[in-house]
There are 2 protein chains.
Amino acid sequence: MSNPSSPRAVTRADVARYAGVSTSVVSYVVHDGPRPVASATAARVRDAIRVLGYRPNASAQALRTGSSKMLGFVVPELDNPFWSEVADAVGHAAGARGYDVLMSSSHGDAALERDRMRSVSARQVDGLIVASVMTRPDLSTLVDPGLPMVLLNTFFEVPEFASTGVDALRGAHEGTTHLVSHGYRSIGLVIGHAGSDMDLREQGWQNALRDGGVQDGPIVRTDFSRAGGYAAGLRMFGAPNRPRAVFVSSDMQAVGVLRALYELGLSVPSDVAIVSFDGTAEADFTNPQLSTVRQPVAAMAAAAVDRVLSQEADGQWHRDLVPAELVLGASCGCDVRR
Amino acid sequence: MSNPSSPRAVTRADVARYAGVSTSVVSYVVHDGPRPVASATAARVRDAIRVLGYRPNASAQALRTGSSKMLGFVVPELDNPFWSEVADAVGHAAGARGYDVLMSSSHGDAALERDRMRSVSARQVDGLIVASVMTRPDLSTLVDPGLPMVLLNTFFEVPEFASTGVDALRGAHEGTTHLVSHGYRSIGLVIGHAGSDMDLREQGWQNALRDGGVQDGPIVRTDFSRAGGYAAGLRMFGAPNRPRAVFVSSDMQAVGVLRALYELGLSVPSDVAIVSFDGTAEADFTNPQLSTVRQPVAAMAAAAVDRVLSQEADGQWHRDLVPAELVLGASCGCDVRR
DNA sequence: CTGAAAGCGCTTACAG
DNA sequence: CTGAAAGCGCTTACAG
């Protein structure tokens, strides 16, 4: 497919010829081993590399060594701010360790996710990081035996698979407890669709209410999107017995709730107080600024990369649980500048 | 680096052995050519492939054929909503044509961008799509001769390089003219830092004012970010002679301007009307919804992918100019629902 | 219709 | 310290 008239790329043989050495020596210089090279010879080789603009052919290296120095990252949607922050963080963490990242979007579809995992793994990636769209990933058929794999941002421990995720139970508890501490006695929940198990964010909300001696507020289940939050907001706050506050399971949904409240003519936080979950950059710039339970995206990504690069495929598995942190804006009713 | 105890991946030789044919025949079946295979034989091979779970080693294929079926995409920042929408679109467009995408962030740094381009190109990508951080990319030293390359989202024609970009002059003109048509006679500009040339969005704003018989409004130059827009907003609207309306060069900046106006106690659109540029999903959900000049991101990405895949490295170059479209929200003062 | 063989560009054990 | 050679897994021209 590449242009037939294009000049052939510079190979190790060209460098060897130019420097008057064997091809082995070129490799020894490039990798600084495994055999020693006389410094004068090495200097000649380095010169040739510079002059000719030689860079090793990564495909040949991958074929020969069995390692591509690439990681695969399968993500639900790259155009969702939360996921794009995660993708950026994965790219940073991988880059810091000398790895490039092959990113692939599953568009939130389980079948496509499986497809992308297989296709990425055929590219000889050294590891696979998957933000699965499945709540409890059915991964028995997915895994390429011997390919290190880590699930990123799972809210549950997934037996037999390495996984990294936030402590959502604790985070949701903290966010909801904050609303309780403001004195609100009626606190609703807008929550994304989970699988058969109860979402830990819902569990955390419920626990916090009970711990605070507050009755369960209304629940609206919806998509994890701005549009989903908007629909949920109209439903929850268009009703006569609207709650005084709400905990929302993602920033994107909270942005939709804000729009709904705006249209309904309700003010935040004086009519309705909000705490959401994620801590994206977008939440820092809503009006008013969202109080939100921040997922430590950079730490999660780094943990996932480290885990996948150090993984033993010997049946051991680990769960890296990272802590969430409540970041106060003005939407909860706190007396902050914004 | 891969696990030493991991089972060796299935190769073509395993399939051949299992099916009782030569390795050549396996390839013929996989690719449906170039030599014919008896249907009974082909069926046996397909069976073996299925049973063993064989997938061709992409590194070996890339080495042998010179084509990796991968495209490289170098992007300033993956966690910026506009760029993540572009990245998603590039992924879609490439996937539809059978290509995976190696994404790499330059973090807005020209030196790093060069570095990423070189590293991606060493991976035998079949083409390189670059959203350059340079206003007028100095690419003479960057290009890998023979590697098809396309610049994405350049606002200028870049001689000697294939490029794809939006018709920003026309788009900015249309957005500003819309403000003029609302009757506003004082229309400022918040514009990102460009290079030495005048940004076409600034030019379009200026042309529209002059065409409409309106005096030039104040200009504030700032970063292409929410924080940049916020600072610009405080400066432009905290002053006594604030303009009645403003054209903002990106949605992210407009989000920052909205925050500044919120803090200043000014209402949109009754005190200040806004039209911005980009048309990201985030702009659809600000309060009020931003009126914005939408870049057709999917079309741009598709054009860039098509161009890079069809490129002749024969010295010809093209510019694909895609049209922008004004999407009306409520921030301009239009009487729409939101 | 089928198969043996060359060669893509590397790394590295081995011999000198 | 240096180099000739094997082999990673493929594709495809060539021979049968």
Side-chain angles (χ1 to χ4, degrees), chain A residues 1-2 4 6-45 48-49 52-70 121-124 126 146, chain B residues 1-2 4 6-45 48-49 52-70 121-124 126 146:
Chain A
M1 304 301 139
S2 91
S6 69
R8 193 177 49 70
V10 176
T11 72
R12 200 195 35 156
D14 299 320
V15 175
R17 200 174 309 118
Y18 188 96
V21 299
S22 76
T23 56
S24 310
V25 169
V26 176
S27 283
Y28 300 154
V29 171
V30 167
H31 300 293
D32 199 20
R35 302 257 63 80
V37 174
S39 63
T41 312
R44 260 194 353 270
V45 170
I49 287 174
L52 301 175
Y54 168 71
R55 273 158 307 152
N57 178 315
S59 298
Q61 288 184 311
L63 177 59
R64 174 60 222 238
T65 65
S67 163
S68 62
K69 296 296 245 176
M70 281 182 26
S121 112
R123 289 202 180 272
Q124 279 65 60
D126 292 345
Chain B
M1 304 302 138
S2 91
S6 69
R8 192 180 49 71
V10 176
T11 72
R12 199 195 36 155
D14 300 319
V15 175
R17 200 174 308 116
Y18 188 96
V21 298
S22 75
T23 56
S24 309
V25 169
V26 176
S27 282
Y28 301 153
V29 171
V30 167
H31 299 294
D32 200 19
R35 301 258 62 80
V37 175
S39 63
T41 312
R44 255 189 6 262
V45 170
I49 289 174
L52 300 176
Y54 168 71
R55 272 159 306 153
N57 179 315
S59 298
Q61 288 183 311
L63 176 58
R64 174 60 222 240
T65 65
S67 163
S68 62
K69 295 295 247 175
M70 281 182 24
S121 112
R123 289 203 181 271
Q124 279 65 59
D126 293 345

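All chains are named by letter (A, B, ...) in the order of the sequence lines, taking the proteins before the strands, and each is independently numbered beginning at 1.
Atoms CD and CZ, from B/Gln124 and A/Arg55 in turn, are 9.0 Å apart once rounded to the nearest 0.5 Å.
Separation of the P atoms belonging to C/dC10 and C/dC14 is 23 Å when rounded to the nearest angstrom.
B/Ala42 is linked by a side chain to side chain contact (heavy atoms under 4.5 Å, CB included) to B/Val29, B/Val37, B/Arg46, counting only residues two or more places apart in sequence or in another chain. For B/Thr11, the side chain to side chain contact (heavy atoms under 4.5 Å, CB included) partners at least two apart in sequence or on another chain are B/Arg8, B/Ala13, B/Asp14. Every residue two or more places apart in sequence or in another chain was checked for a salt bridge (charged side-chain N to carboxylate O under 4.0 Å, His left out) with B/Arg35, and none qualifies. With sequence neighbours excluded, the residues forming a side chain to side chain contact (heavy atoms under 4.5 Å, CB included) with B/Arg12 are B/Thr23, B/Val26, B/Ser27, B/Tyr54, listed by chain and number. Every residue was checked against the side chain to side chain donor-acceptor pair (under 3.5 Å) condition with B/Thr41, not counting sequence neighbours, and none meets it. Under the rule for a side chain to side chain contact (heavy atoms under 4.5 Å, CB included), the partners of A/Ala60 that lie at least two apart in sequence or sit in another chain are A/Asn57, B/Leu63.
Counting non-hydrogen atoms under 4.0 angstrom, B/Ser27 reaches a base of the nucleic acid.
As rounded to whole Å, 13 Å separates atom C1' of D/dC8 from atom CG of A/Asn57. We find that CG of B/Asp32 is positioned 12 Å from P of C/dC1, with the value rounded to whole Å. A straight line from CG of B/Asp14 to C1' of D/dC10 spans 13 Å, rounded to a whole angstrom. B/Arg17 has its CZ atom 13 Å from the C1' atom of D/dG9, to the nearest Å. Protein atom CD of A/Gln124 is 8 Å distant from nucleotide atom P of D/dC10, rounded to whole Å.
The two residues A/Arg44 and A/Val21 make their nearest non-hydrogen contact at NH2-CG1, 3.6 Å.
Listed pair B/Arg12 / D/dG9 fails the phosphate criterion, with no side-chain N or O lying under 4.0 Å from OP1 or OP2.
With no hydrogens or angles considered, no side-chain donor-acceptor pair links B/Arg123 and A/Ser68 at under 3.5 Å.
Listed nucleotides: D/dC10, C/dG9, C/dC10. Nearest to the side chain of B/Leu63: C/dG9.
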Note to self: Expected output check: what is the dot-bracket annotation of DNA chain C, where ( ) and [ ] are pairs inside the strand (brackets for crossing ones), | is paired with another strand, and pairs are Watson-Crick or G-U under 3.5 Å?
What the structure shows: |||.||||||||.|||
Tabulated below should be each protein N or O lying under 3.5 Å from an N or O of nucleotides 2-4 of chain C; please produce it.
unit_1	atom_1	unit_2	atom_2	d
C/dT2	OP1	B/Thr41	OG1	2.7
C/dT2	OP2	B/Ala38	N	2.9
C/dG3	OP2	B/Ser22	N	2.9
C/dG3	OP2	B/Ser22	OG	3.4
C/dG3	O6	B/Tyr28	OH	2.6
C/dA4	N6	B/Ser24	OG	2.7

